[in-house]
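Scroll down for the structure; my scribbles are underneath it.
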2 protein chains.
Amino acid sequence: MLTHGPMTGYRLREEIGSSVGHFWQESFGQLYPTLSRLEDEGLVRRAEGEGRSSPFELTDAGREALRAWLAAEPESLSPGRNELLLQVFFGRHAPPGVLRGHLDRHRARLEAARDSYRDLERLVAAQDSPDRTYWLVTVRHGLAHVEAGLGWHAEAVALLDEEMP
Amino acid sequence: MLTHGPMTGYRLREEIGSSVGHFWQESFGQLYPTLSRLEDEGLVRRAEGEGRSSPFELTDAGREALRAWLAAEPESLSPGRNELLLQVFFGRHAPPGVLRGHLDRHRARLEAARDSYRDLERLVAAQDSPDRTYWLVTVRHGLAHVEAGLGWHAEAVALLDEEMP
DNA sequence: CCCCGCATGTAATAGGTTACATGATTGG
DNA sequence: CCAATCATGTAACCTATTACATGCGGGG
């Protein structure tokens, strides 16, 4: 994230939240110790602090480490846990109507997410930055999955309605 | 999972892996302590052990707890972390071709996952169980998301190829 | 002058995985 | 009889979140 320019840890977290927040997040309890470690390893250094704070900036070694990380095979993301799906799986034992409620509230969350992805898409598409296409691709990922979720919802409701009319 | 019948902890984990494994997984280090806790709480009990092992079975209180959990609002799943997307986001700094390699290997993994979901779908669709529809819905979820991922891959490659022809 | 936002950090805790240790049973 | 599988559990470790503690500076 420091390729965007020198930043304090606090600022860094804001930047993370407003750009890669949909698929990556860091807490302060993680950020500050990590920054110290990176400083020890010579990958970042404290820039001249104008005012009170001391922002961090990338060193040449840091830029090199970034390139190395980009070339490394990404951790194939584990499926993670999805409690809603677990409830669907055992749905036969649920009181009537309960599952439908879970699914409909899920759809509402997906629709809200779709709206915010669309806003973000417009925002990214409009800007003139060398990063533009890369960022757009990550937004399209979010959008594609949210839309898949909405399609699944419709199908799920149809299938389950047959079951218990 | 004990609604399927009494089971040992070992068996339970196998069952988890082969049914809800795509969206939920448990390790032994988690399973055995949890079973002990559930026994203390009176939600499961050790069934008559035919042979060496002592399988667990649901108590009435356990079945009631299952219904209560099914009615509870599911933990809205956190976005999680996706290292591939992070690499795409910072892709401008990557050596040429590297990103494309990551994406193509990702596609191969998705295609393999799609195949195994399709197999599973046939398997579930063919069986005659009161749980059939519920299970099918969870499989369709996996399939929908894998297919969304494949669509995204094609789009991503197209967008990035414009960028660096 | 007081509150809010910027800023840094630590401690407690949670949640989970991996590795280790152990032993019984069974099929080849 | 030996290897693989079934079976149970614990200990170490790791990763990350939450809460807590602290302080500065600027605007109302």
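So that the names make sense, note that chain A is the first sequence line, chain B the second, and so on, each numbered from 1. These numbers come from a predicted model, not from an experiment.
- With the nearest nucleotide of DNA chain D identified for both F28(A) and Y32(B), Y32(B) has the one nearer the 5' end.
- Rounded to an integer number of Å, the gap from CG of L38(B) to P of dT8(D) is 14 Å.
- Stacking of R45(B) on the aromatic ring of F56(B) is not recorded, the 6.0 Å distance cut-off and the 45° axial limit not both being met.
- A parallel orientation is assigned to the rings of F89(B) and W135(A), their planes being inclined by less than 30° (bins at 30° and 60°).
- Residue P33(B) is the one, among P33(B) and G29(A), whose nearest nucleotide of DNA chain D lies closer to the 5' end (criterion: closest heavy atom).
- Taking atom CG on L35(A) and atom P on dT10(C), their separation rounds to 12 Å, with Å as the unit.
- With L2(A) as reference, L58(A) is the one residue of L66(A), L58(A), L43(A), T59(A) to meet the side chain to side chain contact (heavy atoms under 4.5 Å, CB included) rule.
- In the set dA7(D), dC6(C), dT18(D), the nucleotide with an atom closest to the side chain of T8(B) is dA7(D).
- Taking every side-chain heavy atom of R11(A) into account, dA7(C) is the closest of dA7(C), dA7(D), dC6(D).
- Distance from the side chain of Y10(A) is smallest for dG5(C) among the nucleotides dT18(C), dG5(C), dA16(D).
- With dA7(D), dG9(D), dG16(C) as the choices, the nucleotide that has an atom nearest any side-chain atom of R46(B) turns out to be dG9(D).
- When the P atom of dA7(C) is taken as reference, atom CD of E14(A) falls 7 Å away, rounded to whole Å.
- Looking at D128(B) and R132(B), no side-chain N of the basic residue comes within less than 4.0 Å of a carboxylate O on the acidic one, giving no salt bridge.
- Rounded to an integer number of Å, the gap from L31(B) CG to dG15(C) P is 16 Å.
- Taking atom CD of residue E26(B) and atom C1' of nucleotide dT18(C), one finds them 15 Å apart after rounding to whole Å.
- Between R13(B) atom CZ and dT5(D) atom C1' there is a gap of 15 Å when expressed in whole angstrom units.
- Between F56(B) atom CZ and dC6(D) atom P the separation is 18 Å, expressed in whole Å.
- In this structure, of dA7(C), dT8(D), dT17(D), it is dT8(D) that holds the atom nearest to the side chain of S54(B).
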